[in-house]
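Please see the structure below; I have some questions.
All residue numbers refer to positions in the sequence shown, counting from 1. Both counts, for ligands and for their atoms, begin at 1 and track the order of listing.
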Amino acid sequence: MTNPTLLILAGDGIGPEVMAEVRKVIDWYGDKRGLAFDVEEDLVGGCAYDAHGTPLHDDTMARAQEVDAVLLGAVGGPAYDDLDFSVKPERGLLRLRKEMDLFANLRPAQCFDALADFSSLKKDVVSGLDIMIVRELTSGVYFGEPRGIFKEGNERVGVNTQRYTESEIARVARSAFELARKRGGKLCSMEKANVMESGILWRDVVSEVHAKDYSDVELSHMYADAGAMQLTRWPKQFDVIVTDNLFGDLLSDLAAMLTGSLGMLPSASLGAPMANGRPKALYEPVHGSAPDITGQGKANPCACILSFAMALRYSFDEGGEADRLEGAVEKVLADGVRTPDLMQAGEGTPATTTEMGDAVIAALEASL
Ligand code: IPM
Ligand code: MG
C-alpha cells in the first residue's frame with residue numbers, strides 16, 4: 001500500500017517555525033505508530049510571491065488538488081502590505097479554498113483547563129468550553145459578483161455581493177448537522193434574516209435540511225449580532241454553530257479569544273469526498289503569521305500541531321491517534337510548559353517553540 005500524501009505549505013512569518021514542530025510529530029507517527037506519510041513542501045503567500053510573483057503558483061495549486069491533505073502554516077506580513085490586491089499573500093489562501101471547493105470550515109473553540117485564567121471572561125464562563133463553529137468558506141460576500149471599485153458619476157463606489165445558492169447552504173448545513181450529531185446534538189444557525197434576503201434563504205434551507213434528515217438534532221436560529229452577544233454572555237449554551245463566510249470569520253475570532261488561547265486553536269477546511277473517499281482537505285492554525293515575533297523562538301506550535309490532529313481525525317480516519325495527540329498537548333499544558341503567549345508578564349522562563357514541540361513528542365512517547 002502506498003503512503004498517504006501530505007502537502008506542507010508553511011507560508012510566511014511564524015509559519016515555517018511552527019510547521020517544523022509539526023514535522024517532528026509527523027515523523028513520530030511514522031516511526032512509532034506505523035503511520036507513514038509522503039510529505040512534500042511548497043510555497044504559499046508572500047514567500048511564493050517573492051519566488052514566483054504570485055502568492056500561489058499554478059503547479060502548487062495543481063498538487064494541492066491531488067494530495068490527501070494540505071497543511072498550511074500562515075500567510076502575510078508587513079513586507080507585502082503594499083502589494084496589489086490581486087497578488088496579496090491572502091489571495092493564495094483564498095484561491096486554495098475556492099479551487100479545492102473547501103466549503104466547510106471547522107473551527108473548534110476549546111478552553112484548555114490549564115489556560116482558563118487567560119480568558120478575558122470570568123473563569124466559570126469559559127472553563128470546560130468546547131464549541132465548534134462551522135463557517136461556510138467558498139461563497140458569500142468573499143466571492144460574490146459583482147465586486148470591485150467602480151466609478152459612479154464623480155465618485156467611486158466599492159461593491160461586494162452577498163450571494164448564496166440553496167445547494168451551497170444545504171451542503172454546509174449537512175456538514176454541521178453531522179458534526180452536531182456526533183457531539184452534543186445541538187446546532188445553532190446564525191444569519192441576519194431580519195435584514196438580508198440571503199439570510200432568509202439561509203434560515204429556510206437549514207430548516208428544510210433539518211426537517212428532512214436531522215430532526216434528531218436540536219436546531220435553533222439566531223441573528224448573528226445577537227449570536228455574538230450570546231457568545232460572550234454564556235458561550236457554553238452552544239454546541240455547534242453554522243454560519244456564512246463573513247459572519248463566520250468574525251464569530252470564530254470572537255470565539256477563539258474567549259478561550260484565551262489563540263495560539264492553541266486549529267482548523268480544518270473540508271470539501272467533497274475525492275475518489276479515494278477522503279474529503280478534499282486543508283488544515284491550518286487559526287492564528288496568523290505574527291510578524292512581530294517571527295524568528296525569535298516565541299511562537300506557540302500547538303495550534304499547528306492540533307491542526308495535524310484534525311487531519312488524523314477527518315482525513316485519515318485515525319480518531320484514536322488524534323485523541324492521543326490532543327491528549328499529549330493537554331498533558332504538556334497541565335505540566336506547566338508555556339510559550340510566551342500562555343504566560344503572564346514576569347511569570348518565569350517561557351519555553352521556546354522547539355522546546356514546546358519536544359515536550360509534545362515526550363508526551364506522545366509517554367502515551368505508548
Ligand atoms: C481567516 C482569515 C482569512 C479570512 C484571511 C487571511 C483571508 O481572517 O482565515 O479567518 O478572512 O478568511
Ligand atoms: Mg479571520
With a heavy-atom distance limit of 4.0 Å, tell me whether Arg97 approaches ligand 1 through its side chain, its backbone, both, or neither.
side chain
If you consider just the N/O/S atoms, which atom of Asp249 is the closest one to the Mg ion (ligand 2)?
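In Asp249, the N, O or S atom with the shortest distance to the Mg ion (ligand 2) is OD1.
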Min heavy-atom dist Arg107 to ligand 1 below 4.0 Å
yes
Nearest-option assignment for atom 5 (C) of ligand 1, heavy atoms, candidates Arg135, Glu90, Lys88
Glu90
Which atom of Cys111 lies closest to which atom of Ala116, heavy atoms considered
SG-CA, 3.8 Å
Backbone or side-chain N or O of Asp249 under 3.5 Å from ligand 1 N or O
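Yes; at least one N/O pair falls below 3.5 Å.
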What's the shortest heavy-atom distance between Val217 and Ala180, and which atoms?
CG1-CB, 3.9 Å
Can you say whether the rings of Phe177 and Tyr214 are parallel (under 30°), tilted (30 to 60°) or perpendicular (over 60°)?
parallel
Side chains of Phe37 and Val67: closer than 4.5 Å at any heavy-atom pair?
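Side chain of Phe37 against side chain of Val67, heavy atoms only: no contact under 4.5 Å found.
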What is the nearest protein non-hydrogen atom to atom 4 (C) of ligand 1, stated with its residue, atom name and distance?
Tyr142 OH, 3.4 Å
Mark yes or no: Arg135 above the aromatic ring of Tyr142, with NZ or CZ under 6.0 Å from the six-membered ring centre and no more than 45 degrees from the axis.
yes
Taking only non-hydrogen atoms of Glu284, do any sit less than 4.0 angstrom from ligand 1?
no
Student check: side-chain heavy atoms of Leu325 and Leu364 closer than 4.5 Å
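Leu325 reaches Leu364 side chain to side chain.
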